[in-house]
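Take a look at the structure set out below.
Keep in mind that what you see is a predicted model, and the values were worked out from it rather than measured. The first residue of the sequence shown is numbered 1, and numbering continues consecutively from there.
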Amino acid sequence: MVNGRIVAKTYMMIYSSNCCNECRQAKEWFDRKGIKYEVKDLDIKENLLRAMDLCKGNYKLPLVVWGGEGEETISGFDIEKYERMASKQ
């Protein structure tokens, strides 16, 4: 943590859709915490297929992948789980 902000030391990706309110909220939460992430737009078929593969087809948006491909996956907007992930930094 630097100046009250969490600084990401691991890779993070958010699979999201342009029309998803929870996806927007998740990105805003990570922005406020200073956690860097890459966004994969699920409106692009290849990204959607990859997200489905990561979660075996059972997911809610946003889909957050933390620490690299499949290391930890959080499905849906869940601040408690995000906080736990961030505390592992």
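Considering Phe77, Tyr82, Tyr15 in turn, Tyr82 is the only one that fulfils the side-chain contact (heavy atoms from CB on, under 4.5 Å) rule with Val64.
If you check the side chains of Tyr37 and Asp31, you find a donor sitting under 3.5 Å from an acceptor.
Under the 4.5 Å side-chain heavy-atom criterion for Ile, Leu, Val, Met, Phe, Trp and Tyr, Ile79 and Ile35 are members of the same hydrophobic cluster.
A salt bridge links Glu83 with Lys33: at least one charged nitrogen is closer than 4.0 Å to a carboxylate oxygen.
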> What's the verdict on side chain to side chain contact (heavy atoms under 4.5 Å, CB included) for Lys81 and Ile74, showing C-alpha distance, side-chain angles and the deciding distance?
Replying inline: CA-CA 7 Å; Lys81 288 181 182 178; Ile74 296 176; 3.5 Å; yes

> Would Ser16 and Lys27 satisfy side chain to side chain contact (heavy atoms under 4.5 Å, CB included), going step by step from the backbone distance to the final call?
Replying inline: CA-CA 9 Å; Ser16 70; Lys27 290 183 273 187; 3.5 Å; yes

>> Is there a side chain to side chain contact (heavy atoms under 4.5 Å, CB included) between Ile14 and Leu63? Walk through the geometry before answering.
In response: CA-CA 6 Å; Ile14 300 175; Leu63 174 63; over 6 Å; no

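Atoms SG and CD, from Cys20 and Gln25 in turn, are 8.5 Å apart once rounded to the nearest 0.5 Å. Atoms CE and CG, from Met85 and Asp78 in turn, are 9.5 Å apart once rounded to the nearest 0.5 Å. The distance from atom OG of Ser75 to atom CG of Leu61, rounded to the nearest 0.5 Å, is 7.5 Å. Remark: Ser17 OG to Asp43 CG distance equals 4.0 Å, nearest 0.5 Å.
Within a 6.0 Å radius of CD in Glu38, other residues, nucleotides and ligands contribute more than 12 heavy atoms.
Contact detail for Lys36 and Met12: the closest heavy-atom pair is O-CB, 3.9 Å.
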